[in-house]
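Okay, so here's the structure we're looking at.
Below, chains carry the letters A, B, ... as their sequence lines are ordered, and counting in each starts from 1. Every value quoted in this text rests on a predicted model; they were computed, and no experiment measured them.
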Amino acid sequence: MKHTLTFLATLLAVLAFLPAAHAAEDKLVLTGSSTVAPLALEIGKRFEAANPGVRVDVQTGGSSRGVADAMNGLADIGLVSRSLKPVEAKTLVAHTIALDGVALIVHAGNPVRQLDDAQIKAIYTGRIRDWRGAGGPDRPITVVSKAEGRSTLELFLHYTGLKNSQVRAQAVIGDNQQGIKTVAGNPGAIGYVSIGAAEYAVEHGIPIRLLPMAGVAATTDAVQRGRFPLTRPLNLVTHGAPSPLAARFIAFAQSPAVRDLIEAQYFVPPPR
Amino acid sequence: MNRSADALLAPLTAAMAGAAALLLAGMLGFLLAESWPALAHGGWLRFVGLAWYPLEGHFGLAAMCIATLAVAALAILLAAPLGLACALFARFQAPPALAAGFRGLLALMAGVPSVVYGFWGLTVLVPLVARWQPPGASLFTAGLVLALMILPTVALLAHAALAAVPRSLLDGAAALGLTQRATLLKVAVPAARRGIAGGVLLGLARALGETMAVLMVAGNVVQLPASVFDPVRVLTANIALEMAYATGTHRAGLFVSGLLLALLVLGLAWFAARLEPRHA
């Protein structure tokens, strides 16, 4: 009995001190956007290889978490896949490492080649419910939207000028992959996802097609030239000026040394 | 030596049981504490509405609550008769080798992770249903996938209950010259009804709490479904979809969904406990 109690007490004590134990000095904690995280992970690996003894820990949880964690010091660097809002920019500093575009996707078998902004709004608010209303075949439209809090949704709403309560979706999804699978499996579906992820899916034979926005083709090239209307920056954000180690990491992430990593993820290096 | 070991055993098991109870109480307390900002801020009434747009200040949970119950009910309506039929077949009608294989298959099905069912549902079932009743991801599809998931639970527990029916009852039925149909439906099933009902309630609880599979096939639109082919969002999916991205009142609102779900499942567990035989 006594031994058991001692054991339990020790266990509790160890558990209580675990969080303190993992805050090592040469460790960087990055949390936030699930769009930026895979890129940050790759950059982190290369940074670790170049700086022995340094550990880079990347966790996902969305841009909102990236902002919150950077704000209250839970992370050294927040990962945020959008521009900072004015109120956030008062305390946080954004360091852009890449650009990403958000494009509308439809099933590859859908003959509709383009939609103007008014049609996009009408489809997403439920005023056009059939592809006939947008120059397509007689087939009901399945509107795919994203869950609240996702930066892709915020970007899309900002572009269309809609509020989320005006959107009439038939499916609400979480990440890009779920969106691509949902559209690929439904000839009448329309959704919006990251251009990088969509191009990758198209190259691997997934039956979807990217629609142009405002007459600009949805390609990583158009994003790079700054011509694509639905473009977002992928940011590393810090609370004020970064710590020396974090500053080195940010400089590394913005250097040509990681250009191939950015392109491998279908993102676009920002114009210098 | 034996005596001292016995003296240790009772307090040890008591401590373990106490720890389990404490964990549950702690979890409920945590849920309550995390939901408190939302509950205290706008009161209970704001959670009664149908509209869920947390970033615009609408926190209605009614549509999701109804959707959760509807999906679970559909799943259990499909799985209960099917599971009972499977159990009757395996217990009374299948040749012994086939029955053992069939039970193994059910046990295997029970062990498949829910995300696998969900992935299969998203890539196979949803497109199939979409061709027939677009958009495909719907209350119906979710109920179907859930029914498949809880079928082994219902069938295995019903089988165990049927196996516990006293031999004398079955022999008596045989001696009376009853047909097999009468023996099974009028003697075996009524004698095993508590165990069967327990399995059904356990399946229902699992259906209420399932997250990943439903998230992938239900469509996740917050609305009152007008038909079974409308997409719906259940409480668990709501938490999984938005928790990673939620802060402040939005986050607290999600904890209220969790609290509501915990209360639903606790109510069900209480009901199931009342069904258990007192002197089993």
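Within a 6.0 Å radius of OH in A:Tyr159, more than 12 heavy atoms belonging to other residues, nucleotides or ligands are found. Enclosure of atom CZ in A:Arg209 by more than 12 non-hydrogen atoms of other residues, nucleotides or ligands within 6.0 angstrom is indicated.
In this structure, B:Glu242 contributes its side chain and A:Ala147 its backbone to no donor-acceptor pair below 3.5 Å. The closest donor-acceptor contact from the side chain of A:Asn186 to the backbone of B:Pro135 lies under 3.5 Å.
A search for side-chain contact (heavy atoms from CB on, under 4.5 Å) contacts involving B:Leu50 returns B:Ala62, B:Ala63, B:Leu224, not counting sequence neighbours.
Looking at B:Phe229, neither its backbone nor its side chain comes within 4.5 Å of chain A, counting heavy atoms on both sides. No part of A:Ile141 comes within reach of chain B, as not one of its non-hydrogen atoms sits under 4.5 angstrom from that chain. For A:Lys163, the parts lying near chain B are the backbone and the side chain together; criterion is any non-hydrogen pair under 4.5 Å.
Inter-residue side-chain proximity for A:Glu148 and B:Trp52 is flagged as unmet; no heavy-atom pair is nearer than 4.5 Å.
Considering only heavy-atom pairs separated by less than 4.5 Å from chain A, the leading option among B:Ala130, B:Ser138, B:Pro231, B:Ala19 is B:Pro231. Residue with the most contacts toward chain B among A:Ala171, A:Gly185, A:Pro187, A:Ser165: A:Ser165 (heavy-atom pairs, distance under 4.5 Å). Looking only at heavy-atom pairs under 4.5 Å with chain A, the residue among B:Ala137, B:Gly136, B:Pro54 that has the most is B:Pro54.
Here the CZ atom belonging to A:Arg65 is positioned 12.5 Å from the CE atom belonging to B:Met243, to the nearest 0.5 angstrom.
Interface with chain A: from residues 207-221 of chain B, residues B:Leu215, B:Met216, B:Gly219, B:Asn220, B:Val221 qualify, criterion being any non-hydrogen pair under 4.5 Å.
Closest approach of A:Arg168 and B:Tyr53 over heavy atoms only: NH1-OH, 3.9 Å. Residue B:Arg233 comes nearest to A:Val172 through the heavy atom pair NH2-CG1, 3.5 Å, listed as atom of the first residue, atom of the second, then distance.
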